Each structure stands twice: as C-alpha cells, then as structure tokens.
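None of the values given here were measured: they were computed from a predicted structure. Below, chains carry the letters A, B, ... as their sequence lines are ordered, and counting in each starts from 1. Values reported hereafter were calculated over all heavy atoms of this structure, with side chains retained and with hydrogens, waters and symmetry mates removed.
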Amino acid sequence: MDKILKISNLKIQYCTDDAVVYAVNGVNLELERGKSLGLVGETGAGKTTTALGIMNLLPDPQGKYIDGKIYFNGEDIIKQSIQTMRKIRGNKISMIFQDPMTSLNPIMTVGDQVSEVIRLHQKVSRSEATIKSQQMLELVGIPGERYSEYPHQFSGGMKQRVVIAIALACNPELLIADEPTTALDVTIQAQVLELMEKLKKEFNTSLIMITHDLGVVAEMCDKVAIMYCGEIVEYGTLRDIYKGAQHPYTIGLFESIPDLDTKVSRLKPIRGLVPDPSELPPTCKFANRCSKVTEECTKADPLVINVGGIHTVKCHYAKVVD
Amino acid sequence: MSSNPTTQLPYRKKSLWMNAWKRLTKNRMAMLGLGIISLFIFAAIFADYIAPYRYDEQHLDKIFQFPNKEFLLGTDQNGRDILSRIIYGARISLQVGFISVAISAVLGCGLGSVAGYYGDKIDNVIMRVMDVLMAIPNVLLAIVIATTLGPGLQNLMIAVGISSVPSFARLIRASILSVKGQEFVEAARLVGCSDARIIFRHLIPNVLAPIIVQITLSMALSILAASTLSFLGLGIQPPIPEWGAMLSSGRMYIMDYWYLVTFPGIAIAIIILALNLLGDGLRDALDPRMKK
C-alpha cells in the first residue's frame, strides 16, 4: 500500500544553555494513505515534538534534528526549503492543536481565518474563498451566517470545529491532531471525534492522533504507537495492542484505566516518575518504573523485537506469538 | 467537496472596519471628539474663507486689543487678529501633528514588531539603537535632526517624527512579545503563513489598542515639540502662524495681556482632548471583544 509518511530513526534534541533534552530518540513510524495512527504516551514522551518535527516547525533555535529522515510522499521534509514547507503546511499537512480557545486569532472573524488558509494555498478570488470557507464551516456544523463572528462568540466545542475546518480547508493528505479533545468536555469530545472520523473518510485523509486517551485511540485509529521517553516502546494494530500488549509500560497504561465492572477503591497507577529527559539512562528507559525489572534491564538497551505481524515491542522479555 | 444548496449564495460578510465604524458611532464621546477634529480640519482647509483677516495682516494702531467685536479673540503685539492666526495655525499644527505621528508610528511599528517577532540578534541590534536614541532627550534629538536638515515644515515633521520613533518601537515590541507566545501565532505558522503575514495580519491587529493610545498621546506632544523647534527658529518661520509658536511669542506678555497665550493654548487643549476622546473610542471600537 502507498505510504504517505515514513519516519526512520528520527532523533530530535532541544539544546539549551545548560542541558540537552533528548526529546525524540530514534522513532520509526509508517503511515499508509487514508489510515490513522494513534500516538499514545504520557506528558513529555515526545509526541508533540514528533508532530512538530513532521511539520518542520521545531522551536527555533533550541529544537534540532540530530538524525533520521521524515519522508512525506517520498520527499524528505527535513531537507525542504522554507518556501516549500510553507506550501506544504496547511495544504498537504495540517495540524489541530490541543486548545481551541487559544489557537484562533481573537480579533479575526472565524470565516476570515478559514478563508485565509484557502487563499494562502489556492489561487482563488476573495469571494470564491468566502464561499468555500462557508461551505467548510457548514461541513463542520457551523451555520454559514456565523461567518463574520469572532472566536469569543463561540463555545469551546464550536471553536474546535472551526479549527478542524481550518485544518481541512485545503483538503490535506495528512492531518495531525494533537490531543484535539483534551480541552473539551466529554459530550463534546464524542461529537468532535465523530466529526473528525466522518471528514477523514470523506476526504480520505491520513491521520496521526496524538493523545493520552486510549479510549479515543480505540475508536479512531487503525494502528497504535506507544511512546515513552522519546522512543516507541510498542507498536502494532489496534488488536495487537489492546488484546496482546507485551511491553510492561503498555500493560501499566491499560491497568491504570478504571474498570467499570469491578469496584475499585483506588486507581492503579504506574509507580515512579518519567526520567529527566536531559539525563536518560543508556539502558531501558522504563527500567526504574517497571514491575518486571531484572538485572539485564539495567545493563543493556533492549532491541526492538518483532513479535508477529507488524507488532513490535522494545523490551528484553518480548515473546514472539504465532 | 460536498456542496450544500443553502451555501450557494455567499453570505454577505461585514468587514472589520464597517463593524468598528458602527461601534464608534454609538460612542457619543468619541463622536464628539471626531466632530471637533473635523471642525478643526475644515477650518484649516477653508481658512481663507473663514478667517476674518489674513494671518499676517497687521493693525499697528490696534495692538494688544482685548477681545472685542472687531477682533473676537483680540490682537497680538503686532496688531494681528488672534482668531485668524489660530485658524491659519490649525493648518500647520494639524499637519505637523498628524504627519509626524504617522512617521513615528509607521517606523516605530515596523522596527518594534520586527524586533519583537524575530527576537535574538535582530532584536538586540534594533533595540540598542533605540536605547541610544532614547538616551537623548526628545526635544534635543529633534533639535539635532532639525539643525542637520535645515528649517522648513517638511524637515520639522521629519525631525519631530523621528524623535518619537523609539517610544513607539519599545511599546510595540513589548506588546508583540506578549502576543507572539500565544498559540494562534503558532497556528498561523502551521497553516503556512509567511513571517510578514503573521506580523501584519495577526500580530499588529492584536496590539492596536496600545498603539492607538500612544498615537493620540504623542500627537499632542508632537504639536508642542514642533512649537519648541519653531521657537528656536528651526521650524516654521514667522510670520506663518503656528499654535506652539503663538504660545511662545505671547509668553513674554503673559502678565499684561493674558489672552495672547490663552487662546492658542485653549486651541491646543481642545484638539488634544478631542484626539484623546476619539482615540479612546477607536480603541474600544476596534476590539471585537468589546462588542455588546
């Protein structure tokens, strides 16, 4: 199948005056056209950095690509010029931010913000862009009459719809959604996810869903990558991860979700804290928190083991299943 | 794309300026300010028809006249009608006020927003130059520029304009810094906006409020600074009337003939008040969040 995105051995570091932060350490990912990938991990795991890396928008001047390649439609994103990237952003690759409250310009009408993207990337007249952006707004469930209203006149869920309209206005091939529902309440979450799902099918857009909500991933994605300390510790299809998780971190994540059927008085968290990303151990990064830790874990960095199909696990004790 | 029959007709969009104008008309004080300013501008343009005398017409037998029927606001030491001189003076004073502020606002906005947006080295270079300019008192700086350029209205406006560039640049840089960290700026970059577009379409409109306040305030200061230069012989040459110059020449007679300085002073006060009222109203009108 035709691969829209292929990331190989991506390494990104943030260099500050007194420390080097190892944000992404050798990530390998692949995404087929029209499919969706869930990128799951806790805060600071490098999910957003990976996403910004794909957009070639690392924070300047601290963020640096150290190694690796990001092929988008066969072209290495890292090597593109600023002008080419500008044409790709918002047009071929779009991104949805976590907080719709702050990602809209407060003094531009929502309609103008949608048509701005259209006019940036397509050779259309002002009035054509207006019509098109109105259609976009209607598509995400906002009446066209609200074109000249300002973001503060919309509710959070409506704003996120506007953000989605902006992201999809140019019919991008790849959509990166960075925790798109975190700032919304649960009922709105469902609506927004449903909308994204529907539009994704309609436009045949590939999706990278960044989240820490395993429920969202189960609903939206075909494949899942679990990130920890800038590494992908487990990768596989939905079934691989949800039914046959092998990495202790993934198992820990599932265990920390409360079960509706059994009554529990306390949640079961993964003990310990994420190691300081500027001082990562050269061995297994999860060793200090792992419940199954052995001596080997603190001696050598585990290799990525393919345990069947596309399911890979980065753990010494991964077992091949047939 | 799915086309919905209801969206065939483009919805008439209201522009930011139309909305702002609508909100402005609802603000009575702002309209009063606008009215006064228009009145002054009108008087300045049609001075030849409105003023009872020419600005340089001397009535040497009637010097220092107290306001009376013949000379509504009295006459000065050369027997010239003060009312006529104020009306003609509006030409110069308003021009100096508007144009020099326009110069400093454009330059200051440009430099300040570039410094604030790019940060780092560019910021350092621009702001250090501004600091050097700021270390010199405004009027002194204007004097230096005016002496270099030579006397004349045009040079006067340039001198006054440049001398207040640093305060604009500082203010705008600080405002841009506070806005540029917000997520919508990153979002604009994500949809492929160029730097120039981000600065002009996204950042500057978001910091209009402090800019407008600064413009109205420095308009007043410019009129006064221009008069200082004129007083020193670097600006407008007599007998062309200008409010500030009228103030400074009448200053010598203030103990005996108070009306020589009072009326030009009142004119300056009124225009500044009007500018401030309008500025306040504009600031509110241009901020869509203030809409009731």
- Quick one: what part of R201(B) sits under 4.5 Å from any heavy atom of chain A, side chain, backbone, both or neither? both
- Of the backbone (N, CA, C, O) and the side chain (C-beta and beyond), which part of N56(A) lies under 4.5 Å from a heavy atom of chain B, both, or neither? neither
- Is it the backbone or the side chain of L120(A) that comes under 4.5 Å from a heavy atom of chain B, or both, or neither? side chain
- If you tally heavy-atom pairs under 4.5 Å between each of M85(A), H121(A), K87(A) and chain B, the highest tally belongs to H121(A)
- Give the member of S103(A), S94(A), G90(A) that has the highest number of heavy-atom pairs under 4.5 Å with chain B. S103(A)
- Is it the backbone or the side chain of I166(A) that comes under 4.5 Å from a heavy atom of chain B, or both, or neither? side chain
- Between S167(B) and S164(B), does any side-chain donor sit less than 3.5 Å from a side-chain acceptor? no
- Under a 4.5 Å heavy-atom cutoff, which of L52(A), L57(A), V117(A) has the most pairs with chain B? L57(A)
- Message: Looking at R170(B) and D131(B), is there a salt bridge between them, counting it only when a charged N and a carboxylate O are closer than 4.0 Å?
- Response: yes
- Item | Polar side-chain atom of K200(A) near backbone of G34(A) as donor-acceptor pair, under 3.5 Å | yes
- Message: Under 4.0 Å between a side-chain nitrogen and a carboxylate oxygen: does that hold for R23(B) and D284(B)?
- Response: no
- Message: When you measure from the side chain of S36(A) to the backbone of L207(A), do you find a donor-acceptor pair of N or O atoms at a distance under 3.5 Å?
- Response: no
- Query: Counting heavy atoms not belonging to E197(A), are there more than 12 under 6.0 Å from its CD?
  - Reply: yes
- Side chain, backbone, both or neither: which part of L137(A) has a non-hydrogen atom closer than 4.5 Å to chain B? neither
